Amino acid sequence: MTMHFNDETFRGDYTYHNSPEAIRRFPFPFDQDTYMYSVNIEQHPGGPKGSPFEFKFDVDEHYVSEMKDREITLAEDPLRCQSLPHMELAGWDLLELIMVAKAKDYPELFTLNRDGNAWHWINKPLGIEKKFTFLDPTTLPCGPMEYITRQTQGDFALLHERDGNLWMDAGMVTSQADWSLDFDVGMNFFEWHAPVPKARKMGVFDKALKFLLAVEQGQHYRRLNWTMTVNPRLDTSPENYHKWGPEKRTITPENVGQKQFLRVELQTFFRLPRSNALAFPIRCYLMNLADIATQPKWGRRLHRVLRDIDPALAEYKGFAVNQETIVNYLSQFDDGAETSPGI
Ligand code: HEM
């Protein structure tokens, strides 16, 4: 398999774009014409071929540019990566999980040779070759979690389990939908979810936490979450709200198809072997409304979901201000046809 990597930006001139292949494999998140929060967790067994679910860590045409964007964000704000002292072992677990998976799933891009604890890692797209000693932090340029997540698309939270709860005690977070690792670090499952409307009262978080605590090694799960973002910006953080918040006011009926993006998060769960921590990768996929509408069933369905969504969710997800313009634009793709459940 050969892979082409786009040369593109997620800020400034926003040259991010999706190829026809990226559009085809986009993880469209709606399996019906309406949406409300639920415990939408499913098994993550691998496959289908070519989909973003095929491998544990999807590598696509945006890989190299996303890693450059992470580098810029970290240079401006190093607190986007934090690990409390007791989480270093979980960082090594994560490094192992990712390196082993990528070398197996993308042998033309990544190589890992292991002789006991003497490891040799080659990352061809980013031009990295590194010999290091597994579990010896002095042999890497930074901590193990930071090292591997500077080379892996998506945000990462590492959760420590204690007192029947999960605690966000480490993470790499540079492409988040308006939440802050620096604010959330050290919080538990209910605390960091407190701003979410409705879900706690619906029992969603009690059920979800119970499920997550029972995840065992070797079991893999995923769920999809979504929101809306103006411009293809990865770093929609509270820290930089002054940069991207005002961009919401630039949406017009003429430009909404190009500038308004559906932001889908592929969230996965992995129990880590030595630390017993839970790894929670949050992989972000961005696609503008015009590209979504190239798939008639997606354009039709997105129109209905956004038209009928609970106002509290439109407000929380930050698109209430543009909802009317978005829905008017999408209505041209809705022929009124009956739809059946499924994506
Ligand atoms: C939102 C983290 C698992 C449901 C969020 C937010 C964070 C977060 C930081 C943003 C809250 C804010 O506004 O500040 C995590 C982590 C998880 C996890 C680290 C792994 C342990 C889950 C699970 C569910 C869930 C299993 C299952 C239902 C939600 C929902 C939202 C949310 C519904 C609101 C999203 C939106 O409307 O855009 N989560 N979460 N989370 N989370 Fe989680």
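In this text the structure is predicted, and so the values were computed from the model without any measurement. All ligand and atom numbering here is 1-based and tracks the order in the structure.
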Min N/O separation [X] to ligand 1 under 3.5 Å:
X    : answer
Y37  : yes
K317 : yes
Q267 : no

Is the backbone of [Y] close enough, under 3.5 Å, to the side chain of [X] for a donor and an acceptor to pair up by distance?
X    : Y    : value
N6   : E8   : no
K248 : G318 : yes
T139 : T133 : yes

Could you tell me which atoms of ligand 1, counted from 1 in the order shown, lie closer than 4.0 angstrom to a heavy atom of [X]?
X    : answer
S38  : 28 (C)
V204 : 28 (C)
L212 : 21 (C), 26 (C)
W226 : 38 (O)
M168 : 19 (C)

Using a 4.0 Å heavy-atom threshold (strictly under), name the region of [X] that reaches ligand 1: side chain, backbone, both or neither.
X    : value
N225 : side chain
Q176 : neither
I282 : neither
A208 : side chain
F280 : side chain
F211 : neither
D184 : side chain

To which protein heavy atom is [atom] closest, and what is the distance rounded to 0.1 Å?
atom                    : answer
atom 9 (C) of ligand 1  : W179 CD2, 3.2 Å
atom 31 (C) of ligand 1 : V196 CG2, 3.7 Å
atom 25 (C) of ligand 1 : R223 NH1, 3.3 Å
atom 41 (N) of ligand 1 : H193 NE2, 3.0 Å
atom 12 (C) of ligand 1 : Y316 OH, 3.2 Å
atom 7 (C) of ligand 1  : W192 CD1, 3.7 Å

Looking at [Y] and [X], is any side-chain nitrogen of the basic one under 4.0 Å from a carboxylate oxygen of the acidic one?
X    : Y    : value
R271 : D93  : no
R25  : D58  : yes
R263 : D178 : no
K68  : E71  : no
E42  : R223 : no

Parallel, tilted or perpendicular for [X] and [Y], by the 30°/60° rule?
X    : Y    : result
F28  : W298 : parallel
F132 : W119 : tilted
W121 : F110 : parallel

Would S180 count as a contact of ligand 1 if the rule is a heavy atom under 4.0 Å away?
-> no
Can F269 be said to touch ligand 1, with heavy atoms closer than 4.0 Å?
-> yes
Under 3.5 Å side-chain donor-acceptor pair for H160 and R162 | yes
Derivation of the salt bridge (charged side-chain N to carboxylate O under 4.0 Å, His left out) call for K124 and E108 = CA-CA 8 Å; K124 285 190 196 152; E108 71 290 358; over 6 Å; no
So, do H62 and Y16 have ring centers that fall under 6.0 Å from each other?
-> yes
